[in-house]
Amino acid sequence: MNASAHIGITGLAVMGRNLARNFARHGYTVAVHNRTPSRTRTLMQEFGHEGTFVPADTAQEFVAALQRPRRLMIMVQAGAATDAVIDEFAPLLDDGDMIIDGGNAHFADTRRREADLRERGIHFVGAGVSGGEEGALHGPSIMVGGSKEAYAVLGSMFETISAHVGGEACSTHVGSDGAGHFVKMVHNGIEYADMQLIAEAYDLLRQVAGYSPAEIGEIFRTWNTGRLESYLVEITAEVLSHTDPGTGKPFVDVVADAAGQKGTGRWTVQSALDLASPVTAIAQATFARAASGQAALRTAYRPLPGGMRIPEAERFTSQVEQALYASKVIAYDQGFTMIQDAALAYGWDIDLAAVAGIWRGGCIIRAAFLDRIRAAHAADLRLVSLLTEPGFAREITEAQVPWREVVAAAVRRGVPTPAFAASLSYYDTLRADRLPAALLQGQRDYFGSHTYRRTDRQGAFHTHWAHPDRPETQI
Ligand code: ATR
């Protein structure tokens, strides 16, 4: 077979098929392969006219169709299938060839696979592809890991097919080995927090201010013309304005209120625990989905009383906007901090401004304020938090009283706002002059002789709690 293909894609379910079409529509010759050949045939029949495809039924034919160094992209179900496909293709490849995993792999798996394949002379590139099936076809946001050498060969292809914002491609090399899949995972964690915050804002406007779903849709539409401008706020307005054709009721009222998840939010929280990264808004958003599915618990709690009603709808609405914005800044800041913590732990050199840059288009959390996040990180490469940047600091300062009033109103009324409250608590925790962690240290020393440090002297100390005089010794 003539080795003419710039890239090969194996795994032609929705994501793989759409990425293959995207490459072909941009003039690349794309070899296509699937475990079950009928999918390859369907792709050729339905979309073969969109560009130059080289269909292959066998692994050997597929590999033979690729130009060298070979670029072989895997788009199969993450997990065991990815390992199976790597085991099938790696023996057919040569030194310097590349396997790209564009699936939703766990970054730890990507690190393992990269190390294994590096020993065999093959570049393994874990690439986080965001934007769902539409993004895959029309331009996703692509977070690429693996070696710099591999990106030098692949990068321009990804940049060509990615989304573009203001002429800039939403694809970059974020760091080595598993960094791409890690950043994609945190992206999804932030997405969970953003969606939950928007959902809480809706619930408050409905339950506390008394607006109808359609009215709240209008409020979101207005907010989407300001600093909250984002894809998620835009689609929320659409969903809220929708009336169920069968019943004539607001669509949100006919949808079961148990939220699903595919697991990337959970991964973010699990990894955050390993890294001691306090991504509390993401964690609360993940737990909120879990709680929504606890049918038996909800039945047990439902008869218990709620709180009191609080009027003044209009003033409250503007307070909710402030609270949503402030909480959102915190949630994004937590995600960026977690990426920084991981970069330190796993030896990645991640440019946070570039990450914010590629999230501006193609992906679910695309939002106007990512421009400002990018600028803040570009202006200060050691930026510890967005809240130290003067613009964000000013906005949070203005928002903090309404933010507190909204959370207080939610508590008084009995509307659950786990992500709003977690964001505000995070702000207050990190802002506090003194934390009760000092008391925790006292407790730990009391029961476990874990020792403590003092504010006035260097060294570790232990108090002999069992002794009537409670003498202190320096360890
Ligand atoms: P989607 O893009 O729709 O989310 P997915 O569930 O992530 O799809 O992945 C499905 C793809 O993985 C299919 O191409 C499937 O191949 P088949 O069409 O033959 O079922 C592929 N896949 C799953 N397990 C596989 C395995 N062990 N080896 C090879 N391909 C596999």
Side-chain angles (χ1 to χ4, degrees), residues 5 7-25 30-48 50 53-66 70-93 98-110 112-113 116-117 122 124-143 158 161-163 178 180-181 184-185 187-188 191-192 260-267 362-364:
I7 191 161
I9 297 188
T10 181
L12 301 174
V14 181
M15 289 295 286
R17 184 184 62 198
N18 281 2
L19 267 186
R21 292 173 60 199
N22 189 349
F23 277 113
R25 287 169 167 199
V30 187
V32 284
H33 171 267
N34 194 70
R35 176 180 62 179
T36 314
S38 59
R39 273 199 209 269
T40 316
R41 242 155 265 145
T42 311
L43 165 68
M44 293 307 294
Q45 273 158 16
E46 291 181 17
F47 307 108
E50 290 184 341
F53 294 98
V54 185
D57 276 357
T58 68
Q60 285 76 10
E61 273 172 37
F62 181 56
V63 169
L66 300 174
R70 299 185 183 92
R71 281 154 281 197
L72 190 161
M73 188 157 186
I74 303 177
M75 293 301 296
V76 301
Q77 213 165 23
T82 309
D83 284 314
V85 173
I86 292 172
D87 288 345
E88 183 181 3
F89 286 99
L92 307 177
L93 299 180
M98 287 158 239
I99 297 180
I100 306 124
D101 177 15
N104 251 332
H106 191 284
F107 76 97
D109 286 336
T110 303
R112 166 178 61 77
R113 290 168 183 148
D116 283 354
L117 288 164
I122 296 168
F124 184 70
V125 178
V129 180
S130 177
E133 55 179 289
E134 280 298 299
L137 184 59
H138 299 294
S141 174
I142 312 177
M143 296 142 250
F158 283 145
I161 65 144
S162 76
H181 279 139
K184 169 72 198 315
M185 176 186 80
H187 165 282
N188 286 23
E191 179 183 315
Y192 274 47
Q261 62 160 313
K262 280 192 174 168
T264 39
R266 185 176 63 229
W267 284 352
C363 64
I364 303 296

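First listed ligand is number 1; within each ligand, the first listed atom is number 1. When reading the values below, keep in mind they use all heavy atoms of this one structure, side chains included, and skip hydrogens, waters and symmetry mates.
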For atom 7 (O) of ligand 1, closest protein heavy-atom neighbour: Gln77 CA, 3.4 Å
Minimum-distance protein heavy atom relative to atom 24 (N) of ligand 1: Ala81 CB, 3.3 Å
Numbered atoms of ligand 1 (with element) below 4.0 Å of Val85, judged on heavy atoms: 28 (N), 29 (C)
Separation of Ile7 CD1 from Phe23 CZ (nearest 0.5 Å): 4.0 Å
Atoms of ligand 1 close to Met15 [distance to a heavy atom under 4.0 angstrom, numbered from 1]: 2 (O)
Heavy-atom donor-acceptor pair, Asn34 side chain to Leu12 backbone, under 3.5 Å: yes
Phe89 and Phe62 aromatic ring geometry - parallel, tilted or perpendicular at 30°/60° bounds: perpendicular
Backbone N/O of Asn104 and side chain of His181: donor-acceptor pair under 3.5 Å: no
Side chain to side chain, Glu88 and Thr10, heavy atoms closer than 4.5 Å: no
Atoms in ligand 1 flagged as close to Leu12, the criterion being non-hydrogen separation under 4.0 Å: 14 (O)
Ligand-side contact atoms (ligand 1) for residue partner Thr36, heavy atom cut-off under 4.0 Å: 17 (P), 18 (O), 19 (O)
Per-residue contact class, Arg39 against ligand 1 - non-hydrogen pairs under 4.0 Å: side chain
Protein contact of atom 14 (O) of ligand 1 - nearest heavy atom, named by residue and atom, plus distance: Asn34 OD1, 2.7 Å
Heavy-atom pair of closest approach, residues Gly102 and Met73: CA-CE, 3.9 Å
Distance (rounded to the nearest 0.5 Å) between Asn18 CG and Arg25 CZ: 8.0 Å
Within-cutoff protein neighbour (heavy atom, under 4.0 Å) for atom 19 (O) of ligand 1: yes
Residue Gly11 vicinity, atoms of ligand 1 by number, heavy atom under 4.0 Å: 14 (O)
N-O pairing of Arg112 and Asp109 below 4.0 Å: yes
Interfacing atoms of ligand 1 (cut-off 4.0 Å, heavy-atom, Val14): 2 (O), 3 (O)
